[in-house]
Number of protein chains: 2
Amino acid sequence: MKKRQITIKDIAKALHISPSTVSRSLADHPDISQETKNIVNAYAREHKYKPNALALSLRTNNTKTIGVILPQIVHYFFSSVLSGIEDEAEKGGYRVIICQSNENYEKEVKGAQALLEARVCGVLASVAKTTTIYNHFQELIDSDIPMVFFDRICTGILTDRVVVDDYAGVCSAVEYLIRSGCRRIAFFGSPSHLAISNNRRMGYEDALRKNGLPVDKELIKICDNYTEALRLTPELLSLPNRPDAFFAVNDETAIGVLNVVKAKGLRIPDEVSICGFTNNSLAEVSDPLLTSVDQHGYELGAIAMRLLIERLNGVRDGDRIVSKIIKTNLVVRQSTR
Amino acid sequence: MKKRQITIKDIAKALHISPSTVSRSLADHPDISQETKNIVNAYAREHKYKPNALALSLRTNNTKTIGVILPQIVHYFFSSVLSGIEDEAEKGGYRVIICQSNENYEKEVKGAQALLEARVCGVLASVAKTTTIYNHFQELIDSDIPMVFFDRICTGILTDRVVVDDYAGVCSAVEYLIRSGCRRIAFFGSPSHLAISNNRRMGYEDALRKNGLPVDKELIKICDNYTEALRLTPELLSLPNRPDAFFAVNDETAIGVLNVVKAKGLRIPDEVSICGFTNNSLAEVSDPLLTSVDQHGYELGAIAMRLLIERLNGVRDGDRIVSKIIKTNLVVRQSTR
DNA sequence: TTGAAAGCGCTAACAC
DNA sequence: GTGTTAGCGCTTTCAA
């Protein structure tokens, strides 16, 4: 059924020479005569010889493969991170194998096990929302597999990491809203067991405090998707002292707010400003166009991979942990004053 | 530096037994005494023994790995296809390795080579827009690697395939527009060297013909992205006899049309209907919400993978080529009457 | 019930 | 300049 690919042995047999000569010829080893090389290479090309990556990896104990663990590829942010990862991996001569956790702890653990069995050289990971135990990551570390966490890091585990400066990103976005005249700014955030959620909320609160505005619990909601935004926004808008701005931790949520606000007949941005986070394609096609914080996912991915490759190449010494922070920037469009 | 994972030999040495006994114990072979098994398994668990997938694959000549070649993960349609692929692969006990072509022929070829070197058991592929030569796919076939094309198939190569019923999808969407009273329906499509582009356009033209409407070349444009839509829509709207509906081959383009139409002060859907294709998240957050043709990407991916796995398991006989067609359905929202 | 040996495809030390 | 051999981690005949 399944045809075996041609091997070095096959070539050797056909050409009546030894496998090592074939191997060396293909590797352009200086010891081999040009004539032999020509014959071997011609034969190999003709028969479409392809080196067996498995055999090579097994021998060298080096798979040239990086494992990536992330929540969901369908999310714009993660797929852009992945692009950065892949491009950089390719430059470094590494293959990438991906495990989606789907925000599910068990799948994340299984993924980590699979990466271990696949003998990956290193792992990039962003943890699932439901993950609260980190043994599977610790096991990677214990097996001396270098790790770099990105975005959703795992504070308990000491590794290189690269995160978005959520705190500053939110803080400066909220300050922008304040400068533009907003005084009652609502915050729609995620449940707070991920460090990243807290950072964002702190950015929001500190921006208010710095500018002498009160932090009103009434204006802070756990809400991080479109449908929830449709449900919660009306409540806030019917408050006696309704918000004059909304900050949402992702663009879907922000668009939900935007649609409700429009439906209520309030003008954007004159009566209500709205700011999102991620800056995905939604922001570029909404009406009005959405002001949003760009997280530079591609760069984040590329930097994380570079960090890992440096570590693998032994560029950096053992113990020093590097923590990179990606600056966001606010892309101002039409939904804010 | 890199710590070697513990191997069967290590266990054998530590326990003063032979590697074969360890191997058999771990595989729960009936010949081995329960006592030996217990000792071995305990030791293996304690030292976190992980089978070396490479060695196994090399021996069995079966990597249990499927290669996937696709244009761009960042596109909603492809990432949903990928989800279907991965879920189904997991059920079948297969790993997945992904090659993004980024719509680039050379990258696609390199991807195919990499899959060959990785000795994948099978390949799922959707071809890049720039691909016009198919030797790299033919080489996979020649190496007896079963292939299934999905969505963007390669007509010249005889393999299993699963496609979206673009023709019927477009046709019935356009008929819906006609039934709702539209008479001058513009069509924004892709450059036509992909079979899929032609199918869509044929669906459009046939729907018009079936209903006794003229096919007006003036209303057919090559336009498949947001910015192009912003550029081309005004032209059509300023025609003496302007279109009363637009059909676009993806949602980004449709939203571009939608925004231009709104900006011109025309009412949607009363004066102009708009219909997209893909039904991605944009359709659910635009204003008005976009009517769009759902392609069922997840199912497509799952079915493609099932087809491949059946082939690998020898369920189906050698020559019979299976061609599955995924029915679309029109999700009617607010942008059409 | 267990062990020894061979071999999957490849390369590198060591012959010659 | 080329060949022989051993070994990466694993399983599986074959032998004991």
Side-chain angles (χ1 to χ4, degrees), chain A residues 1-41 43-44 47-65 114 116-121 143, chain B residues 1-41 43-44 47-65 114 116-121 143:
Chain A
M1 173 95 279
K2 176 78 177 298
K3 188 164 55 184
R4 227 181 38 12
Q5 289 264 22
I6 186 176
T7 72
I8 281 192
K9 253 193 201 163
D10 297 329
I11 301 181
K13 213 166 291 171
L15 265 31
H16 304 292
I17 54 179
S18 81
S20 29
T21 304
V22 175
S23 172
R24 285 188 274 241
S25 294
L26 293 169
D28 202 20
H29 191 102
D31 279 0
I32 303 292
S33 76
Q34 195 53 51
E35 197 195 339
T36 311
K37 279 182 192 170
N38 291 342
I39 297 173
V40 170
N41 290 329
Y43 189 94
H47 291 77
K48 300 192 203 291
Y49 167 77
K50 295 280 176 316
N52 185 325
L54 268 59
L56 246 145
S57 298
L58 182 60
R59 228 196 92 80
T60 59
N61 193 24
N62 180 1
T63 53
K64 279 292 197 177
T65 300
L116 235 17
E117 296 188 3
R119 299 298 193 266
V120 293
C121 304
S143 307
Chain B
M1 175 94 278
K2 176 81 178 297
K3 188 163 56 187
R4 229 179 38 9
Q5 289 264 22
I6 186 176
T7 71
I8 282 193
K9 253 194 204 165
D10 297 328
I11 301 181
K13 213 166 291 172
L15 265 31
H16 302 294
I17 54 179
S18 80
S20 24
T21 305
V22 176
S23 172
R24 283 187 275 241
S25 295
L26 293 170
D28 201 22
H29 191 104
D31 280 359
I32 303 293
S33 75
Q34 195 53 53
E35 197 196 337
T36 311
K37 281 182 193 170
N38 291 341
I39 297 174
V40 170
N41 290 329
Y43 189 93
H47 291 77
K48 300 193 202 290
Y49 168 77
K50 295 280 174 320
N52 185 323
L54 269 59
L56 246 147
S57 297
L58 183 61
R59 227 197 94 80
T60 59
N61 193 26
N62 181 1
T63 53
K64 278 291 194 178
T65 300
L116 236 16
E117 297 188 3
R119 298 298 193 266
V120 293
C121 303
S143 307

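So you know, we letter chains A, B, ... as the sequences are listed, proteins then strands, and number each from 1. All values below come from the heavy atoms of this structure, side chains included, with hydrogens, waters and symmetry mates left out.
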Open item on the list: Which residue is it: Asp31(A), Ile11(A), Thr36(A)? I am looking for the one with a side chain to side chain contact (heavy atoms under 4.5 Å, CB included) to Thr21(A).
Closed with: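 So, applying the side chain to side chain contact (heavy atoms under 4.5 Å, CB included) to Thr21(A) and each of Asp31(A), Ile11(A), Thr36(A), only Thr36(A) qualifies.
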- [ ] Sort out for me which residue in Val22(A), Asn52(A), Val40(A) forms a side chain to side chain contact (heavy atoms under 4.5 Å, CB included) with Ile8(A).
- [x]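 Output: one option passes, namely Val22(A).
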- [ ] Please list, in 5' to 3' order, the outermost nucleotides of DNA chain C lying under 4.0 Å from any heavy atom of chain B.
- [x]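 The contacted stretch runs from dT1(C) to dG9(C).
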Nearest 0.5 angstrom please: [X] [atom1] to [Y] [atom2], how far?
| X | Y | atom1 | atom2 | answer |
| --- | --- | --- | --- | --- |
| Thr63(A) | Arg119(A) | OG1 | CZ | 9.5 Å |
| Thr7(A) | His47(A) | OG1 | NE2 | 12.0 Å |
| Arg4(A) | Asp10(A) | CZ | CG | 4.5 Å |
| Lys48(B) | Ile6(B) | NZ | CD1 | 11.5 Å |

Euclidean distance, atom [atom1] of residue [X] to atom [atom2] of [N] [Å, nearest integer]:
| X | N | atom1 | atom2 | answer |
| --- | --- | --- | --- | --- |
| Ile8(B) | dG7(D) | CD1 | C1' | 16 Å |
| Lys50(B) | dC10(D) | NZ | P | 12 Å |
| Lys9(B) | dG7(D) | NZ | P | 7 Å |
| Arg59(A) | dG7(D) | CZ | P | 11 Å |
| Asn62(A) | dC8(D) | CG | C1' | 13 Å |

What nucleic acid atoms does [X] come within less than 4.0 Å of, heavy atoms only: base, sugar-phosphate, or nothing?
| X | answer |
| --- | --- |
| Thr7(A) | sugar-phosphate |
| Asp31(B) | base |
| Leu54(A) | nothing |
| Thr36(B) | sugar-phosphate |

Give me, pair by pair, the N or O atoms of the protein and of nucleotides 13-16 of chain D that are less than 3.5 Å apart, along with how far apart they are.
{"residue": "dT13(D)", "atom": "O4", "partner": "Arg24(B)", "partner atom": "NH1", "Å": "3.4"}

